[in-house]
Amino acid sequence: GAGVSQSPSNKVTEKGKDVELRCDPISGHTALYWYRQSLGQGLEFLIYFQGNSAPDKSGLPSDRFSAERTGGSVSTLTIQRTQQEDSAVYLCASSLAGGAYEQYFGPGTRLTVT
Amino acid sequence: ELKVEQNPLFLSMQEGKNYTIYCNYSTTSDRLYWYRQDPGKSLESLFVLLSNGAVKQEGRLMASLDTKARLSTLHITAAVHDLSATYFCAVDVRGGGADGLTFGKGTHLIIQP
C-alpha cells in the first residue's frame, strides 16, 4: 500500500516568507508525527497528533511554527517569517496509533531558507 | 531531559567482519527503535524492541534491549557493502506517542569491500 507522502519534496524560500509543508499519512493511521533533521541538531521531534488533536505543542521550536491536522488525515506544518536556521529536512511519520506502534516515515521536505 | 547516546558515531569496517553499535539512554524506557537511513533518503524501520531482554534478528542484523542497563545493541554479522548507511536508535519514554521519539545522533557505517 501507499506509504507516507510529503510535499513539496524541496522548497527554497527567502528569509521572512511563510511556508507550508504537507503530510499525507498512511491510510488508517491515527497518529502522526513531525520531526526535523539538520546537521547541527540531528533528528528532533516537533509535534504529535492523535486524530486531529495535538496534546503537547512544546516541541515546536518557536511560535513561528504551527501545525494542524484535519479529518484525521492530512497534516500541514506552517512556518511563518522563515529564518535561515529553519533550513532542515522536515520529516513526517505516521503510526497505527500512539504508543509502541512502529512509526513509518515519509521522504521528507528539504527546506532551504536563503 | 532524555539523552540517547550512540557509539561509535562513525565506523569504517571491512566486509566479512562483525561489529556492534551501542545505544545508551538516560531515562527508564522499554521502547527502543532502530532505524536505517541511506544518503538523501528517509528513515527505514529496522527493529522495534518493547521489553527487557528482547532480541530481534533480520538477516545480518540483530538488535537487543537491556532495559535495566538502559542499553540496546545492534550487532552486524559478516558485514556486506549493502549495509553501509547511517543507523539511528530512538527511545519513546512516555508511551502514547506524546513525546515522539528521541533519537541518537546516528552511527555512520561504511563497509569497504
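Keep in mind the model is a prediction, meaning the values are calculated, not measured. Values below: every heavy atom of this structure, side chains too, minus hydrogens, waters and symmetry copies. Every chain is numbered from 1 and lettered A, B, ... according to where its sequence line falls, protein lines coming before strand lines.
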Honestly curious: do [X] and [Y] fall in one hydrophobic cluster under the side-chain, below-4.5 Å linking rule?
| X | Y | value |
| --- | --- | --- |
| B:L101 | A:Y90 | no |
| B:I111 | B:L74 | yes |
| A:V4 | B:Y35 | no |
| B:V55 | B:L61 | no |
| B:L49 | B:I21 | yes |

Q | Closest heavy-atom pair and its distance - A:Q37, B:F88 | A |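 Taking every non-hydrogen atom into account, NE2-CZ, 3.7 Å.
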Q) Any idea which heavy atoms bring A:F105 and B:S42 closest together, and the distance? A)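 Nearest pair, atom of A:F105 first, then B:S42: CB-OG, 3.4 Å.
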Q.
Non-hydrogen contacts under 4.5 angstrom with chain B: give the residues of residues 106-114 of chain A involved, or none if there are none.
A.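 If one takes a 4.5 Å heavy-atom cut-off, the residues of residues 106-114 of chain A near chain B are A:G106, A:P107.
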Check the surroundings of atom [atom1] in [X]: do more than 12 heavy atoms from other residues, nucleotides or ligands lie under 6.0 Å from it?
| X | atom1 | result |
| --- | --- | --- |
| B:F103 | CZ | yes |
| B:E15 | CD | yes |
| B:Y22 | OH | no |
| B:M13 | CE | yes |

Check whether [X] gets within reach of chain B through its side chain, its backbone, both or neither, counting any heavy atom under 4.5 Å.
| X | answer |
| --- | --- |
| A:E44 | neither |
| A:F49 | neither |
| A:L43 | both |

Q. What distance do B:L43 atom CG and A:Y35 atom OH have between them, rounded to the nearest 0.5 Å?
A.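 Between B:L43 CG and A:Y35 OH, I get 9.5 Å after rounding to 0.5 Å.
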(Q) Please classify the contact between B:L50 and chain A as side chain, backbone, both or neither, with a heavy-atom cut-off of under 4.5 Å. (A)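 Contact with chain A involves the side chain of B:L50 alone.
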